[in-house]
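Naming convention: chains lettered A, B, ... in sequence-line order (proteins, then strands); numbering from 1 in each chain. Fair warning: this is a prediction, and the values are worked out from it, not measured in the lab.
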There are 2 protein chains.
Amino acid sequence: MVKAAVSRKTLREQVAEILRKKILNGEIKPGERIIEADVAKAFQISRGPVREALRQIEEEGLVTYESHKGCIVKTMSYEDMQEAYLIRSTLETLAAKMCSGNLPSDLEERMERNLEKMGEAAEKRDLYQIVELDEEFHSCVVMSSQSEKLYKVWKSLESGNTSAYFTMETESLVPFDVLKANHQRILEAFRTKSVEEICREIENHYMIVPKVLFEEMQKKKNL
Amino acid sequence: MVKAAVSRKTLREQVAEILRKKILNGEIKPGERIIEADVAKAFQISRGPVREALRQIEEEGLVTYESHKGCIVKTMSYEDMQEAYLIRSTLETLAAKMCSGNLPSDLEERMERNLEKMGEAAEKRDLYQIVELDEEFHSCVVMSSQSEKLYKVWKSLESGNTSAYFTMETESLVPFDVLKANHQRILEAFRTKSVEEICREIENHYMIVPKVLFEEMQKKKNL
DNA sequence: AAAAAGTCAATTGTTAACAATCTACTTTCG
DNA sequence: CGAAAGTAGATTGTTAACAATTGACTTTTT
């Protein structure tokens, strides 16, 4: 059979990538079931690669398999999010310490551009983009450490459905302005302040975001 | 075909478990190649489950796949180990903070017994057991947080071949007495001291171990 | 009518064959 | 003799069929 000349990646990788995106994106909702055969049919491939892809994103923490029962997208509670944020906060402050507050210039530029894009996305109310930009910004913070390991660990937590929680469980809009202002303060701290100051900003950020989000949830409930 | 009546677990799980053990154990050495067909033949099963198992322990960080090339056991440098230890140290101190230094009594008992066993294993010079006990002790520290997420993150790093490094790369004996004495200090801190004191003990531990290990390596080289 | 047992469809778990790709070796050509 | 090109074997990537397990539905039994 003739294969598309473009695909350098293996089917497993492609499927994993797409499914991951769909879950983080919210197209496939938490609690929803994913059936191997259906996915295989949709992509016009066999079940093998689909199975492997699902198994991979299971390890990443996005879905769970129960033996002989199948595969469902993980749900995440408010408490789960707080827990994840506490760990992320710790890892990101560790990154700041590891680089002694010296942000590589390429990362600084990326963060700068990121903030601009965040402004644009906020105007358009493009929720998906916001989530992506948020992830990019924080990944820059982590990568300041230059540690592959730290990045991998951090990332494994990120996939733990934090973004999906934003977009799905609450369906409430992320308070863009708070987000952007916080990020700005973090970048500024990296530029001009001490390591301790940077850490304080990061910790502060991860205290405020869930709090604001909680308020949003309450507001929504009282409608 | 008639299957062994014992196995409640899926083949993938069984194979993953065995291979993981063999790698951490040192039976399969870092840098060594693992060929799906060989493993399948050895277990008298087809390549499918073997493949899935390998893919899983790849995600865990024990091996790497290169597309169409195959699967090799990850190697770890001294610097890698230091990096891993720094992160582990941070995560374990976070655990101590999360439980405010209040160690659940079942964990305290496990740690107590762990120390006893460590003494026995040290006498027998049972390297493999030492590695296992070391892992158990630290997992108790992490679990004091009662956080599934934290445990999972920590564990993902643990599998990153730290133990294998102990047993394989250096092939030098872990300084048992230092290890046990350190663990004892940590447990003691949990029992009687403040959170800050516990954190200090943990951090201290993760400073000393690589240092001592480095000295062992030097000694070995100069033989 | 309620509980137990049995059937059936759906879905995951496993297998074995086939296709694509890589590595190393051999051959060819300058 | 050395470099480029081709070839063969080994190994991973993919497929499609088959087996085992589960859960819901139906039937039987009391």
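Sequence order on DNA chain D of the closest nucleotides to A/Arg12 and A/Arg47 puts A/Arg12 first from the 5' end.
If you check C/dA16, D/dG13, D/dT22 against the side chain of A/His68, the one that comes closest is D/dT22. The side chain of A/Ile35 has C/dT12 as its nearest neighbour among C/dT15, D/dT12, C/dT12. Checking C/dT11, D/dT14, D/dG13 against every side-chain atom of A/Ser46, the shortest atom distance belongs to D/dT14.
Regarding A/Lys41, its NZ atom lies at a distance of 11 Å from the P atom of C/dT11, rounded to whole Å. Summarising the geometry, the separation between CD on B/Glu13 and C1' on C/dG13 is reported as 11 Å, rounded to the nearest angstrom. The separation between B/Arg33 atom CZ and D/dT11 atom C1' is 7 Å, rounded to whole Å. The separation between A/Leu11 atom CG and C/dA19 atom C1' is 12 Å, rounded to whole Å. One can place NZ of B/Lys69 at 8 Å from P of C/dC22, the figure rounded to the nearest angstrom. Residue A/Asp38 contributes atom CG, which lies 15 Å from atom C1' of C/dA9 at whole-angstrom precision. In this structure, CD of B/Glu36 is placed 15 Å from P of C/dT14, rounded to the nearest angstrom. A/Tyr65 has its OH atom 16 Å from the P atom of D/dT22, to the nearest Å.
Using a 4.0 Å cutoff on non-hydrogen atoms, the parts of residues 48-59 of chain A near DNA chain D are A/Gly48, A/Pro49, ordered by number.
Side-chain atoms of A/Tyr85 do not come within 3.5 Å of backbone N or O of A/Val209 as any donor-acceptor pair.
Considering only residues two or more places apart in sequence or on other chains, A/Cys99 meets the side-chain contact (heavy atoms from CB on, under 4.5 Å) condition with A/Ser144, A/Phe190. Residues passing the side-chain contact (heavy atoms from CB on, under 4.5 Å) test with B/Glu112, sequence neighbours excluded: B/Glu116, B/Leu187, B/Arg191. Under the rule for a side-chain contact (heavy atoms from CB on, under 4.5 Å), the partners of A/Lys22 that lie at least two apart in sequence or sit in another chain are A/Ile18, A/Glu27, A/Ile28. With sequence neighbours left out, A/Glu17 forms a side-chain contact (heavy atoms from CB on, under 4.5 Å) with A/Lys9, A/Arg20.
Two rings, from B/His138 and B/Tyr206, have their centers less than 6.0 Å apart.
Neither OP1 nor OP2 of C/dT12 sits under 4.0 Å from any side-chain N or O of B/Thr10.
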Using atom types as modelled, flag every donor-acceptor pair under 3.5 Å from a side chain in residues 41-50 of chain B to any protein atom, sequence neighbours excluded.
residue : atom : partner : partner atom : Å
B/Arg47 : NE   : B/Glu36 : OE1          : 3.0
B/Arg47 : NH2  : B/Glu36 : OE1          : 3.0

